[in-house]
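Below, chains carry the letters A, B, ... as their sequence lines are ordered, and counting in each starts from 1. Basis for what follows: all heavy atoms, side chains included, without hydrogens, waters or symmetry-related copies.
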Amino acid sequence: MADTLLAIDGNSLVFRAYWALPTTMQDKEGRPTNAMYGFFTMLFRVVEEYHPTYIAVAFDRSEKTFRHKKYEEYKAGRRKTPDELLAQIPMLQDALGRVGVSWVDQAGYEADDIIGALSVQAEGRNMPSYIFTADRDQLQLIDDHISVVLTKKGVTETKLMTKDVLLEEMGLAPAQIPDLKALMGDASDNIPGIAGIGEKTALKLLHEYPTIETLYENLDRLPKNKLYEKLVGGKDSAFMSKDLATIETDMPLEKKLDDFRFTGFEGDGLRSVSEQYRFTSFLKRFDLGSEKIKTVKTETISPQELTILDDACEFAFLVKDGVRLAVDGETEYVIPLKQTLLDEGYDLNDVLRALKPFLADKKVIAHDVKSLMHEWGALFHDFYDTMLGAWVLSPSYPKYDLASVMKRAELEENAAGLFELSERQRDEIERMELENVMYEIEEPLLRVLYAMEEEGFRVSGEELARLGEKYDKEISGLTAKIFELAGQEFNISSTKQLAEVLFEKLRLPVVKKTKTGYSTDIEVLEKLEGKHPVIPYIVEYRALTKLKGTYIDGLTGMIRNGVIHTTFLQTATATGRLSSAEPNLQNIPVKSAMANDIRSAFVAPDGYRIVSADYSQIELRILAAIADDKHLKDAFMKGQDIHARTAAEVLGKDIGAVTPAERASAKAVNFGIVYGISDFGLARNLGITRKQAADYIARYFEEFSGVRKYMDEIIAQAHEDGFVRTLCGRIRYIPELSSGNYNIRSFGERAALNTPIQGSAADIIKIAMNRVEKALEKQGYESKLVLQVHDELILYAKDDEAGAVTELLRDCMENAMELDVPLRVNVAQGRTWAEAK
DNA sequence: CTGATCACG
DNA sequence: ACGTACGTGATCAGA
């Protein structure tokens, strides 16, 4: 194979890796390892791609370099390098040596000087070299045999820069890079350039005059404008900057090219480095995995025998048939499910006592940890949940139960399979930069949700029973009236029978059809109102039976000891929201009189009251912030009524002159914007013509141009990446975007638009929940979170804590994330949920 | 078990 | 020229 040099800018890549990854990645001693991990990830990738036979990782030295002597403020503007990063450099150098990669530094010189000298040596031998760096300065070293591999975002992507690419993208030759820096400067290196000249102007000038020398020779030819004055005033600075930005390739390098021969990574070194720093994914990458989790046989073990395994076992796995403990290379011990043990006559306390060392002290790897907490008690101190991992990595699957996840991963449902799954997921979470979402948001939230589910919401069965009787009477009255007016008896709840009566017997006009027949939904019934006296009764009947069936009868059956325990599904939505099931407490009616009746059955325990805190317009605030829209931001900064302001902007009138009807239309438009508006949808919603809706939307975008720009950009980016991210980095893949079907593709675009908004709101309230829980605990309060309804938190507040809890909620929620617009929260309280509005 | 409908944000 | 708002879960009817 032809010889190839890979010259790596160690400092620049370590910096990049450090800022791209969280410092929560630590070795067994608790020392951060994120920069090392990121560096190795990048190194492996680039080695795989370019097959170097020589590798040199160059580092800066802390001594002053000749550049400091020339220009004392050189690099002075940089923020201080964090100690957590500095500490990783010697660790990395040690690790590089152990895996068979040579590194180099030299007093008085920086990494780029060393790289320059080495690549010129290689050029002398006609040996191609690749310079791997995050620093665009080094583009000046490009030559026929020298290319630069630049890191793109994060630590996962790179871009190969050659003469041709540089010419095409910037219209520059490599030697012009110092001239570019001379004019535009470089904030990261504190190279001043010329004040007021940025990349655009600098490039324009260099396209005319290839160097600053020729530029200044011909300065008199330039028009005598502002730019001219800047150039005249900045001349000294420009030449100084060029000097600083120029990499010397003739430094007296102490080492020689042949000192950097690379013959592949050394297996033993890799293994020891990976184990020391807990880089488990590297073991797998190089197939160095220890065999301890690859079990071949399974034995059942009783709780009494467990103690003999305690020392030998590092992980506990919880899978569907019980607790599995993989101890050595061969055997996996199974403790059967709790129920089986109880059936066999074991005392629950004995079982728990025996299991406690495994659940409380080992790392527990399990699928659906929250349900296991309900089964075994919350004695999980250190867990990894593969259900959560699967969802965070790709949240659009319909199911995340163990069987579905294992099937997709093509793994077996045993301890070895679960271990392998968890390793792959951790690796992928790092690769996709989902550490924050997984480890800082979802994992802590799991415990918060567990506590909320455990606590439940007190509901008065008596109150629900009274309401049931009351509404039964109303429903019977309506039923009789409907039969009388329709002239026959039928099942009003059957859409099929109702359609028959309305559209065949009574010959009412058909408004809309479904796949299977006539539609009778509320929209249709509203259109038919006035065409037959039975219609209003049917509308009323629908509303009452729906609410009674779902929320009175349905909820009554879910009360246990006066309390309803919902289950929060943490892995159900594609956007990052929670959902609630069995029963769903996130869709309890709120709007009507009957809704008020139902909510009044949700009560606080004695000595407590209900406190409810909801974010005001959180989605539009997020839109204002991410779209960086002038008017939208201004409205929120001024605390204005956002719908009135929208109407005012679009209609070109004063905000005080907006009528209620105009405000209502603007409200519908704001909803539409968040959902991915279309004139058709808006027209239908407002009952106006499509043309009128289109005009309204066009005027909206004229005024809110930041929003339009955001929409174009997020859709373009989603098409390019195949996914979108929320403010916290949560990912949703949108495969629909590449569909050839217009409808499917359009759906994808609306999802691409909406997900960063809805999902960021979910991020924010989740962060707030974690903070609320922590703050309540820290203060020693007995108040408790009981519900989350997307933009709203509901708590039991102890009577004497209510005031403090109100402030605590406001603080945690409004400061959960810093945006360019303020987050606002409204808090209310009462004896019942109905009163806390 | 699926479709239609409708409750919530 | 396509046919449309985003995200959920529960209930009922009728296969």
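Picking from B/dT5, B/dC6, C/dG7 the nucleotide with the shortest atom distance to the side chain of A/S519 gives B/dT5. The side chain of A/R542 approaches B/dC6 more closely than any other nucleotide in the set C/dG9, C/dT4, B/dC6. When distances are taken from the side chain of A/R732 to each of B/dA4, C/dG9, C/dG7, the shortest belongs to C/dG7. Ranking B/dC8, C/dG3, C/dG14 by closeness to the A/S494 side chain, first place goes to C/dG14. Out of B/dC8, C/dT11, C/dG14, the shortest distance to the side chain of A/K496 is found at C/dG14. When distances run from any side-chain atom of A/R684 to the nucleotides C/dA10, C/dA5, B/dC8, the shortest one goes to C/dA5. The side chain of A/N587 has B/dC8 as its nearest neighbour among B/dC8, C/dA13, C/dT11. With B/dA7, C/dC6, C/dA5 as the choices, the nucleotide that has an atom nearest any side-chain atom of A/L547 turns out to be B/dA7. Nearest to the side-chain atoms of A/T575 among the listed nucleotides C/dG9, C/dG14, C/dG7 stands C/dG7. Closest to the side chain of A/V590, from the set B/dG9, C/dG9, B/dT5, is B/dG9.
Heavy atoms of A/E792 sit nowhere under 4.0 angstrom from any nucleic acid atom. A/S580 comes within 4.0 angstrom of sugar-phosphate atoms only, judged by non-hydrogen atoms across all strands, and of no base. Using a 4.0 Å heavy-atom cutoff across all strands shown, A/A574 reaches sugar-phosphate atoms only and no base atom. Residue-level contact check: A/I588 touches the backbone only, with heavy atoms under 4.0 Å from sugar-phosphate atoms and none from bases. Note on A/Q497: only backbone sugar-phosphate atoms sit closer than 4.0 angstrom, heavy atoms only; bases stay farther off. Across all strands shown, A/L753 has no heavy atoms under 4.0 Å from either base or sugar-phosphate atoms. In this structure, A/G554 reaches the sugar-phosphate backbone alone: every heavy-atom distance under 4.0 Å involves primed, P, OP1 or OP2 atoms, never a base. A/A668 comes within contact range of at least one nucleobase, with a heavy-atom separation under 4.0 Å. Using a 4.0 Å heavy-atom distance criterion, A/V674 is classed as making no nucleic acid contact.
Within the structure, every side-chain polar atom (N or O) of A/T495 is placed at least 4.0 Å from both OP1 and OP2 of B/dT5. Side-chain nitrogen and oxygen atoms of A/R750 include none within less than 4.0 Å of the OP1 or OP2 phosphate oxygen of C/dA5. Contact check, A/K546 against C/dT11: no side-chain N or O comes under 4.0 Å of OP1 or OP2. Residue A/T516 has a polar side-chain atom (N or O) positioned under 4.0 Å from OP1 or OP2 of B/dA4. For A/N491, a side-chain nitrogen or oxygen approaches OP1 or OP2 of C/dA13 to under 4.0 Å. A/S678 has no side-chain polar atom (N or O) that falls below the 4.0 Å cut-off from OP1 or OP2 of C/dG3.
Shown here, C/dC2 forms no base pair; nothing in the strands shown gives a Watson-Crick or G-U wobble contact with both key distances under 3.5 Å.
Taking only distance into account, the side chain of A/S579 never meets the base of C/dT8 through a donor-acceptor pair shorter than 3.5 Å. Side-chain atoms of A/Q586 and base atoms of B/dC8 include no donor and acceptor less than 3.5 Å apart.
Nucleotide B/dG9 holds its C1' atom 13 Å from the CG atom of A/L620, rounded to whole Å. Counting to the nearest Å, the C1' atom of B/dA4 and the CG atom of A/L498 are 12 Å from each other. If you take CD1 of A/I538 and P of B/dC6, they are 12 Å apart, rounded to a whole angstrom. To the nearest angstrom, P of C/dA5 lies 18 Å from CD1 of A/I757. Between A/I714 atom CD1 and C/dC6 atom P the separation is 16 Å, expressed in whole Å. One can place OH of A/Y541 at 12 Å from C1' of C/dT11, the figure rounded to the nearest angstrom. One interatomic measurement links the two molecules: CD of A/E582 to P of C/dA10, which rounds to 6 Å at whole-angstrom precision. A/K837 places its NZ atom 11 Å from the C1' atom of B/dC8, with the value rounded to the nearest Å.
By the 6.0 Å contact criterion, NZ on A/K505 is enclosed, its count of non-hydrogen atoms from other residues, nucleotides or ligands being greater than 12. Within 6.0 Å of NZ in A/K512 there are more than 12 heavy atoms belonging to other residues, nucleotides or ligands. With a 6.0 Å radius and a threshold of 12 heavy atoms from other residues, nucleotides or ligands, A/F483 has its CZ atom above the threshold. The local environment of CD in A/E529 is crowded, with over 12 non-hydrogen atoms from other residues, nucleotides or ligands closer than 6.0 Å.
Closest-nucleotide positions on DNA chain C for A/F680 and A/H790 were compared, and the one nearer the 5' end corresponds to A/F680.
Counting only distance, with no hydrogens or angles, the side chain of A/T566 and the backbone of A/A581 share a donor-acceptor pair below 3.5 Å.
With both ends at atom P, the span from B/dG3 to C/dT4 equals 16 Å, rounded to whole Å. The gap from the P atom of B/dA4 to that of C/dA5 amounts to 14 Å, rounded to the nearest Å.
One finds no salt bridge joining A/E702 and A/R708 here, because no Lys/Arg side-chain nitrogen approaches an Asp/Glu carboxylate oxygen to under 4.0 Å.
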(Q) Could you go through A/I492 and A/L478, starting from their C-alpha distance and side-chain angles, then the distance that decides it, and tell me whether this counts as side chain to side chain contact (heavy atoms under 4.5 Å, CB included)? (A) CA-CA 10 Å; A/I492 310 164; A/L478 287 167; over 6 Å; no

**Q.** Working for side chain to side chain donor-acceptor pair (under 3.5 Å), residues A/Y400 and A/D368
**A.** CA-CA 9 Å; A/Y400 291 88; A/D368 193 359; over 6 Å; no

